[in-house]
Peer 1: 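Just passing along the structure, written as C-alpha cells.
When reading the values below, keep in mind they use all heavy atoms of this one structure, side chains included, and skip hydrogens, waters and symmetry mates.
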Amino acid sequence: MSTLRIIHANILTPKGRKALHGKAMNELHHIPDGEITIVDGTIDYVGHVRENIDITAIDAQGRVVLPGFVDSHTHLVFGGFRPEEFMWRMRGDSYMSIMERGGGIVNTMKSTREASTEQLVEKTRHFIDIMSRMGVTTVEAKSGYGLDREAELKQLRVMAEINDDPERKVDIATTYLGAHALPPEYDGRHDEYIDFIIREMLPEVKKQNLAENCDIFCERGVFTVEQSRRLLKAAADMGYGIKIHADEIVTTGGAELSAELNALSADHLLHASDEGIKAMAHSDVVATLLPLTAFTLREPYAHGREMIDSGCAVALATDLNPGSCCSGSIPLTFALACIYMNLSVEEAITALTLNGAAAIGRAEYIGSLEPGKLGDLVMLDSDTHYTLPYYTGMNSVIMTVKRGRIVSYNNN
C-alpha cells in the first residue's frame with residue numbers, strides 16, 4: 001500500500017462530480033490548515049490536520065494546494081512545426097488565408113504522416129514533461145493531423161502507448177478529430193469525407209478502443225453545421241462523447257448545435273452568438289475557452305465574463321498545437337483569462353480543474369480534491385492562489401502529484 005500525506009496545506013478546491021455553472025464557479029471550498037491523504041492513488045481524506053496519525057507527512061508550510069490542472073483541449077501529437085506561418089501572421093496574414101495557400105492543418109498533416117511512431121512518442125513525452133511541471137495532471141489530446149486511416153490511427157496509438165506507461169506523469173484523454181480539415185484526397189468532397197469517417201473510421205477507432213471522444217471543426221470553409229450534426233450524432237450513437245470546435249472564426253451556430261446535441265463541450269467560441277450562449281447555459285455543455293489562441297492570433301477574446309454571468313459552465317484550456325497556438329502555458333492561460341476575459345481567480349481555478357474534467361467526461365473522478373477521486377494535485381510556492389495570474393506568465397507550481405506520486409518538483 002502506498003500513502004502520501006500532506007499537512008498544513010492551504011487547500012482550495014471546487015466540489016462535485018459535474019461542471020459548475022455561473023456563480024457557482026466562484027465558490028471554492030477552503031481548508032486553511034488542511035491535510036490531504038492519498039492511499040494507492042486515490043484520495044482517502046481531505047480536511048483539517050489530524051493529530052496522532054502515524055504516517056510520515058510532507059509539511060506544506062501553509063502553501064496553497066489545488067486539484068491538478070486539466071488541460072481539456074490540445075492537439076498534443078503532431079509532426080513538424082510551423083514557425084514560418086507564425087511570422088506570416090505577424091506581418092498581417094490571416095489564419096484562413098494561410099490555410100488557403102497550403103499552410104495550416106494540411107501542412108502539419110504532411111509532417112505527421114511522414115513521422116514515425118517513435119518520433120511522435122518522444123515529442124509528445126517532451127511536451128508532457130513540460131506540462132507536468134506547470135501542474136497539469138490530465139490533458140486531452142486530439143488526432144486530426146493525419147486525415148487518413150493510418151496516420152489518424154498512428155496518432156491515437158501514440159496516446160495509448162503513453163497511457164499504458166504506469167509511470168506516466170499525465171493521463172491523456174483521447175479524442176478522435178478526423179474531421180479537423182478536408183484532406184487533399186477529398187478536395188471538394190466534404191460530404192464524402194464525412195461518410196468515410198462515419199462508415200469506416202468511427203467503427204475502427206471504437207473497435208481498437210483508441211478514443212473516448214469525437215470532435216469536428218465546424219467552421220466556414222471547413223465543415224458545416226449540418227455536416228457536423230450528422231457526424232456527431234453518428235459518433236454519439238456509437239458511444240463516443242462528443243465535442244465541437246465552434247464559432248472560432250465566424251458565427252456559424254456551432255454553440256447552438258452543441259446544446260442541441262448535449263455535447264460534452266463547445267470549444268473556442270470567440271464568435272458565439274447571444275442565442276448560442278443562452279443555449280449552452282441551459283444545457284450541460286461546457287464552454288471551453290482558449291485565450292492563448294486568441295492572444296497568438298491577435299483576435300478578440302471569447303466573452304468569458306458574459307458566459308459565466310449568463311449561467312454557462314466555462315472551462316479553460318491551452319489549445320497547444322503547431323499552428324495557431326504553439327504554447328501549453330498554464331501560467332499565461334490563467335493570466336489572460338483573468339486580465340482580458342475578466343474571470344476571477346477562483347473562477348479560473350474551477351475552469352482549469354473541475355470544469356475541465358467535465359469537458360472531457362471525467363468529472364466523476366478528477367477535477368476536485370474529494371475522497372474517492374484520483375490523488376491528482378498541485379502545490380503552489382505561495383500561501384495565496386492570487387499568485388496564479390499575478391506571477392504573469394511565470395510558473396508558481398512547486399510540486400505536482402499524479403495518482404499519489406510526486407511526478408514533478410520545481411525548486412523555485
Side-chain angles (χ1 to χ4, degrees), residues 73-80 99 102 104-117 119-121 124 140-164 172-219 221-246 254 257-258 260-265 267 321 360-361:
H73 180 127
T74 81
H75 303 258
L76 181 61
V77 182
F78 58 87
M99 284 185 64
I105 293 166
V106 174
N107 187 346
T108 297
M109 176 202 76
K110 296 174 184 175
S111 298
T112 303
R113 288 182 179 182
E114 293 169 358
S116 69
T117 298
Q119 289 172 325
L120 292 176
V121 168
T124 303
E140 185 255 18
K142 305 175 191 294
S143 67
Y145 286 125
L147 303 181
D148 66 5
R149 184 184 186 280
E150 291 308 318
E152 286 291 307
L153 294 177
K154 176 172 63 175
Q155 283 188 274
L156 293 169
R157 287 178 183 134
V158 167
M159 303 175 203
E161 180 173 334
I162 292 171
N163 275 336
D164 286 342
I172 300 177
T174 51
T175 296
Y176 170 61
L177 179 58
H180 195 195
L182 190 68
E185 299 89 343
Y186 280 85
D187 185 33
R189 297 182 292 144
H190 291 75
D191 285 320
E192 289 183 39
Y193 184 57
I194 295 295
D195 290 339
F196 162 72
I197 291 174
I198 293 173
R199 183 181 63 252
E200 297 187 30
M201 291 304 299
L202 288 178
E204 184 65 23
V205 171
K206 178 62 68 173
K207 177 182 176 181
Q208 297 191 36
N209 195 30
L210 289 175
E212 306 157 48
N213 305 312
C214 178
D215 197 348
I216 187 169
F217 191 3
C218 180
E219 187 58 67
V222 191
F223 297 103
T224 66
V225 167
E226 183 48 46
Q227 289 162 346
S228 300
R229 179 183 288 110
R230 187 157 64 90
L231 173 61
L232 294 178
K233 287 181 71 173
D237 288 345
M238 293 184 203
Y240 289 90
I242 56 174
K243 301 165 69 69
I244 180 170
H245 283 55
L257 178 62
S258 73
E260 173 193 330
L261 299 180
N262 198 32
L264 288 171
S265 72
D267 301 23
N321 71 78
I360 55 174

Peer 1: If you round to the nearest 0.5 Å, how far is CG of Leu153 from OH of Tyr176?
Peer 2: 8.0 Å
Peer 1: Is Thr174 reaching over with its side chain to a backbone N or O of Glu212, donor-acceptor style, under 3.5 angstrom?
Peer 2: yes
Peer 1: Rounded to the nearest 0.5 Å, how far apart are CZ of Phe196 and CE of Met201?
Peer 2: 5.5 Å
Peer 1: Can you give me the closest heavy-atom contact between Ile198 and Pro203, atom names plus distance?
Peer 2: O-CD, 3.3 Å
Peer 1: Does Leu231 reach the side chain of Phe223, with side-chain heavy atoms less than 4.5 Å apart?
Peer 2: no
Peer 1: So which atom in Ala151 and which in Arg113 form the shortest heavy-atom distance, rounded to 0.1 Å?
Peer 2: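 Result for this residue pair: CB-CG, 3.8 Å.
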Peer 1: Shortest non-hydrogen contact from Phe217 to Val222?
Peer 2: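 Minimum heavy-atom contact is O-CG1, 3.6 Å.
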Peer 1: Flag the pair Asn321 / Phe78 as yes when at least one side-chain heavy-atom distance between them is below 4.5 Å, and no otherwise.
Peer 2: no
Peer 1: Test Asp195 against every option in His190, Arg230, Arg189 by the side-chain hydrogen bond (donor to acceptor under 3.5 Å, both in side chains) rule and name the one that passes.
Peer 2: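 Single pass found, and it is Arg230.
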Peer 1: Kindly write out the residues that satisfy side chain to side chain donor-acceptor pair (under 3.5 Å) with Glu140, not counting sequence neighbours, or none if the list is empty.
Peer 2: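 With neighbours one apart ignored, the set is Lys142, Thr175.
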Peer 1: Apply side-chain contact (heavy atoms from CB on, under 4.5 Å) to the pair Glu161 and Thr124, showing each step before the final yes or no.
Peer 2: CA-CA 11 Å; Glu161 180 173 334; Thr124 303; over 6 Å; no
Peer 1: Say you draw a straight line from CD of Gln208 to CG of Leu156; how long is it, rounded to the nearest 0.5 Å?
Peer 2: 9.0 Å
Peer 1: Under 4.5 Å between any side-chain heavy atoms of Leu261 and Ile244, yes or no?
Peer 2: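 No; the side chains remain at least 4.5 Å from each other.
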Peer 1: Which atom names give the shortest non-hydrogen contact between Cys218 and Ser228, and what distance separates them?
Peer 2: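 In this case the closest contact between Cys218 and Ser228 is CB-OG, 3.3 Å.
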Peer 1: Hey, could you give me the CG/OH distance between Asp148 and Tyr186, rounded to the nearest 0.5 Å?
Peer 2: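 Interatomic distance, Asp148 CG to Tyr186 OH, rounded to 0.5 Å: 9.5 Å.
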Peer 1: Just wondering, do Pro184 and Met109 contact through their side chains at under 4.5 Å, heavy atoms?
Peer 2: yes
Peer 1: Can you tell me if Asp237 has over 12 outside heavy atoms packed within less than 6.0 Å of its CG?
Peer 2: yes
Peer 1: Is the number of heavy atoms from other residues, nucleotides or ligands within 6.0 Å of NZ (Lys110) greater than 12?
Peer 2: no
Peer 1: Do you know the tightest heavy-atom contact between Leu232 and Cys214?
Peer 2: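 Nearest heavy atoms, Leu232 then Cys214: CD2-O, 3.9 Å.
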Peer 1: Any donor-acceptor pair under 3.5 Å linking the side chain of Gln155 with the backbone of Gly146?
Peer 2: yes
Peer 1: For residues Ala236 and Ile242, report the shortest heavy-atom separation together with the two atoms involved.
Peer 2: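 What the structure gives for the nearest pair is N-CG2, 3.9 Å.
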Peer 1: With side chains defined as the heavy atoms from C-beta onward, is the minimum distance between His75 and Thr108 less than 4.5 Å?
Peer 2: no
